[in-house]
Every structure is written in structure tokens, then in C-alpha cells.
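Report on the following structure.
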Number of protein chains: 2
Amino acid sequence: MTEEPTITTIAQRAGVSIASVSRVLNGLPTRADTERRVLDAARELGYAPNSAARSLKSRRSNQVGFAIADIGNPAYLAMIREIQPLIKAAGYRLVLHSTDTDTADEIEVLRGLGERYIDGLIMVPLRMTPEHLEMFAAARAPIVVIGGAPDGTPVDNVRTDSRTGVRLAVEHLHAIGRRRIGFVNGPTDTVPGAARSAAYAEALAALGLPHDPRLAEVGDFYRADGARATARLLRRAPDVDALLCANDLIAAGALDVLRAAGRRVPEDVAVAGMDDTDLATLTWPALTSVSLGSAERGRVAAELLLDRLRGGEGPPRVVTVRPHLVVRASTAGEEAR
Amino acid sequence: MTEEPTITTIAQRAGVSIASVSRVLNGLPTRADTERRVLDAARELGYAPNSAARSLKSRRSNQVGFAIADIGNPAYLAMIREIQPLIKAAGYRLVLHSTDTDTADEIEVLRGLGERYIDGLIMVPLRMTPEHLEMFAAARAPIVVIGGAPDGTPVDNVRTDSRTGVRLAVEHLHAIGRRRIGFVNGPTDTVPGAARSAAYAEALAALGLPHDPRLAEVGDFYRADGARATARLLRRAPDVDALLCANDLIAAGALDVLRAAGRRVPEDVAVAGMDDTDLATLTWPALTSVSLGSAERGRVAAELLLDRLRGGEGPPRVVTVRPHLVVRASTAGEEAR
């Protein structure tokens, strides 16, 4: 590291007061010759334009935040891959917040908006509390929420229709002849967990299948939890012939347990995941999965935010990305590569 | 969004000049009663402490940068997962730079250090140019480089010993009876690509195996490139009985191609990857892989950077993380789960 010019060394070199240097560097009105002397001295000393000083002047940080629960989740990764190049092309840096599924931490990120270190925020909240809504309403910078938000949420919202997604998967499992269709969910006090539970019950009812509580298990949205939840479900309902998993990580855990238990996939138990992440084509057999348009949701969220940052006005917008089912070997042997 | 108090509205409320407000908010010496009036007015108007103003005062941004080539690479993800909580616990936010394997973009990030929007930087350069070294030498903020850096590089460096890693894998493939051991590498003008090519040739020589150029292929560090490179290699050297791949993504591509070609893994062709990422346990068969300690390198890099940010002095440090081989089903049938 080399020695850095300070406000003091610039003042000495320019032969002006420290306050004058401060005024010039902060863009406040100053006598023309004072300004010239300060800027000359700053240049001669190799003073680098300070982003803090410039953003104080412009009231911009040139940064956009992205707050997610878990950096390890490939669905969020798919979003980052779309968001990062878009905001970079628009001249912004990406500040990444991994909140480790901690709601208090999410609130902290929202509070940070008031400190102006980011000009806008894209957030994927796992839970939506009254405090979230309060912070949204009071926010002085644009926010885009990815995920289900209550009607009237005062920020732009990009959501998917996971209810339809779950229905597509259950209908597919039913169509290939399965009647004991289990569901391995994440925590049902989360936005996605609650929506998927309701949709599962609804889809069974629409097909005239009984809702057997032994067929539903709750774990967490990770592979190891998915494995444990599947093991519990298998013990309790050994006649299960299909498993819908609330994301691909859970489904990967389910495949581990089924393989260890000697159950063939899909012959004995068909398995479907959700999110259609990179993971779905890595497992063997490859995973049938409900695409909830993660990449598209990321792209749309970035576009909505950039529009607001360019001064786009108008009431909060809601964009819904339609899900679709991607069928692979884990539910259809003949479609295996 | 609600209306935000400005330096002008605070000045009006406090009955002082705009310059006085600026002085107070910038922490410059001011008469005590002026300071009190400004701070009272700011509080009454709901003025949030501005991070730009504070960082101007403290000369700190409370941000740490992490610059990587490709956010989709799980080896970098393993690093982020270690770095993020460590720097967060120390009071820093993480600014993520995905440079898309563009060297000019890496140089741009280094230039950005002069603008002080980050207090320190962890970087994983894919190529190390003279310009990199110049920027390192001139940097006014601490930098930690993950990856091979030339001796005398004027910043802290966390490296692995990929030469030993490649040797461990080649020795293992030799030990299970393979004699036509192929190598699917990434671009050899990258730091990891060049090191791995040299190590492969060295390991073959040490085992007394001939270096058959038909057995070496170069693609890129992605799955689709790995698949294409493997297909070329198979056509040219159909008697290949083992493949070492320069990372796990390439190995996943190799598995795709071998499966499509009807070659059994590991019976016909044993396959090993490098980096030992999450991916290695998702493929079927699970991948034998050389762990280059990605998580540990991330952790050590964060610790070195935080030490510098706390004022740690002394010459640049080099920490080497030792590789080890993780044997799974793709090279050892009996070890399949």
C-alpha cells in the first residue's frame, strides 16, 4: 500500500484551509481560484476520486442489493446469474446479503436502505412479517420483492404461481399411474412452504385422491433435511409410490434415501422436484422438476428495479411468471438418456 | 417512498447555512451550538445517518469485495459460503464481482479500489498479467489473492498445490490398474489450466507412463465444454480407460458423454474430477474428486483480509492449503453407496 493523500496534505499543497478542501471535494460552492488550486493539488498528489464523496454529492451509491436466505441454494444462483450482468451493464455493483434464513437479518437489510449504501434492493423474503411491510412502506429507495407478497404490498413484486406448479406435478404423477403420492415439504411457516402445502392438498382433492397425512412430511429446504424427512415418510407409509419434493435439494436427499433403501426410481417410487435447478440434470436418474422460472424472475426483478432507478413512476407492479413441468427420467423411465 | 430530508431542509429548520450543515454532517470542527442545532433538526426531520457521509468521515466503506470469474462455479460458491459470514460478523458487507472470465474486467475491479467503495478485496484471478501485478503494488487497500501468484506478488496469497492434487489423482487411477489415463483440461493460458497440464505430464512421467498427446484435451471449465472435449478425446483415443478432469463441471460433462456412448463408469472408464464440489455427490456414479480445499481457502483469505483491515502489518503472506483425494464410486465400484 502506498501513502494516501489526505485532506490535510492537499490543503498544505494548495495553500488553502482544510475547510476549503472539504468544500471543494464535497462539491459545495467555492471561489473559482480556490477550487482550481485544490483540484490541482489533489491531482498532483495522486488523490483518487472518492466514491463516498461523490455519492454524497450525487446521493447515489451506484450499488444494488440482493438479499437471499441462502447462497447455497441453486434457485437463488439462477437469479444472481441474471441480475448481476443486467445491473452491471446499467452501472451498478451488486451487494450480496445472505441472511441465513434469519428474518431479523432481513429486517436489518431493509433498515440499511435508510443509510443509502445501496440505491435499490431486490429481496427474496422467506417469511413476510408485518415489520417487512412497514419497512417497505417507509423505504426511501426502490425495492423489488421476489416471491409471494400480500395484496397491497407497497413495492414491485415478481412472483410465481407455485400452486399451479404443484398441481402440474401431482397431475403428472397421477397420469403415470401413481395413487400414493407423497409430499416432502420445507417449513410450512415460510411463504413457499405454506403455498406448496395448500396446493398439494388442493391438487389431491381435484383428482379425487384422499389426503392421507402419513404421506406428507416437513423438513427444511436442504438436502440432508430432505433425506431425513423422506426416511420418516418411508417408515410411516412404505406403500408410497411417488414423491413430490418442495425443491430440488430435498429431491436429491430423497434419491439418496430411496437408493439406500433399495427402492428403484422411478419404477418403485417416482420422484419430482421443484425449481428445475442445475441440480436436476446432475442427479441420476435426472430429476423431473417444476420450473418456477427462477432465471426469469431474476431478470424481471432486475428490469423492474432498473426502471425505478431511472425514475420510473407509478403504482407497485405485480408480475407473475408461469410455471411449467420439465419431465425427466425420475418419473419416466423411457425418457432417461 | 417518503420525502427525504436534504441538507437544504435541515439548514432551513436549524436556521444555519447549508455549509454549516455540511460541516457538521461531515464531522468537521463546528461551533458547539451550531452542531447541536443541526443535529436536532436532522433528528426531527428523520434524517438517517448517511453511509456515504460517514464513510467519508471514517474513510471506510464497511464493504469487502470478492471478485470471481463465474458465479455459477460451485468452487467459488464454497468460498463465498465461508467468506460471507466471516466478513459479516466483522461488520462488513460483501460486494460481489463476477468478471465473466474477462481480464479487463478484473483490472477494472482493481482500479475501483482507488475509489474506496470497498475497504479490501479478495480476488480469484483466472489469469495473472503484468497489469494485475502493477495494480496490486499501487493498491491503497489490502488485497488477498486466491490462486497461484508469482513469487514476490506484493499482496497476501492463499494458494493450493494443484500439482500435488493432480499427482494424487493420477496415482490413484494407476493404482486401480488404469494405463491409458486421459486428461480433460480447461484453457492452458489460465493459471489453473497451465498448472494442471504441467502436473499431468509430470505425474505420468513419474509413473513411467508415456505422454500420449491424443489423451489430452482442452475445453473450458464448464460442463458443456467438458462434454465436447471428452467426445473429441473418445474419438481420437477410444482405448482410454480413465479420465482426469480439471474440475467437477468438466467431469459431469464427461459422465454425460460416456453414458451416451455406452461406456460404463468406472468399469470401462474411471472418471475423476477436481475441486470436490457439491456436484461430486450429486452425479451418478458419485465422483471421485481432488479436494483443493475451496472452503478452507475462502476462510483463510477472509481471515488474512480481516487481519489487514484491523491494521495487521508485515510483508505479504503466502498460505498453501494441501489437497487431498476423495474417492467415490466413479473410480471404485465397491465404494458406491
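Every chain is numbered from 1, with letters handed out A, B, ... down the list of sequences.
Ranked by heavy-atom pairs shorter than 4.5 Å toward chain A, the options D105(B), L255(B), V155(B) are led by D105(B).
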| request: For the pair R223(B) and L282(A), evaluate side-chain contact (heavy atoms from CB on, under 4.5 Å) and give the outcome as yes or no after the intermediate values. | output: CA-CA 10 Å; R223(B) 183 173 175 181; L282(A) 284 167; 3.5 Å; yes

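Here T288(A) pairs with T331(A) under the side-chain hydrogen bond (donor to acceptor under 3.5 Å, both in side chains) rule; sequence neighbours left out. For the side-chain hydrogen bond (donor to acceptor under 3.5 Å, both in side chains) test, residues two or more places apart in sequence or in another chain that qualify with R264(B) are D268(B). With sequence neighbours excluded, no residue forms a side-chain hydrogen bond (donor to acceptor under 3.5 Å, both in side chains) with S294(B).
A donor-acceptor pair under 3.5 Å is absent between the side-chain atoms of K88(B) and the main chain of H97(A), judged by distance alone.
With rounding to the nearest 0.5 Å, the separation of CG in D256(A) from OG1 in T281(B) is 7.5 Å. How far CH2 of W284(B) is from CZ of R259(A): 4.5 Å, rounded to the nearest 0.5 Å.
Chain A is approached within less than 4.5 Å, heavy atom to heavy atom, by L77(B), I80(B), R81(B), Q84(B) from residues 76-85 of chain B, ordered by number.
Tested against V95(B) for a side chain to side chain contact (heavy atoms under 4.5 Å, CB included), the candidates L94(A), V95(A), L96(A) yield a single pass: V95(A).
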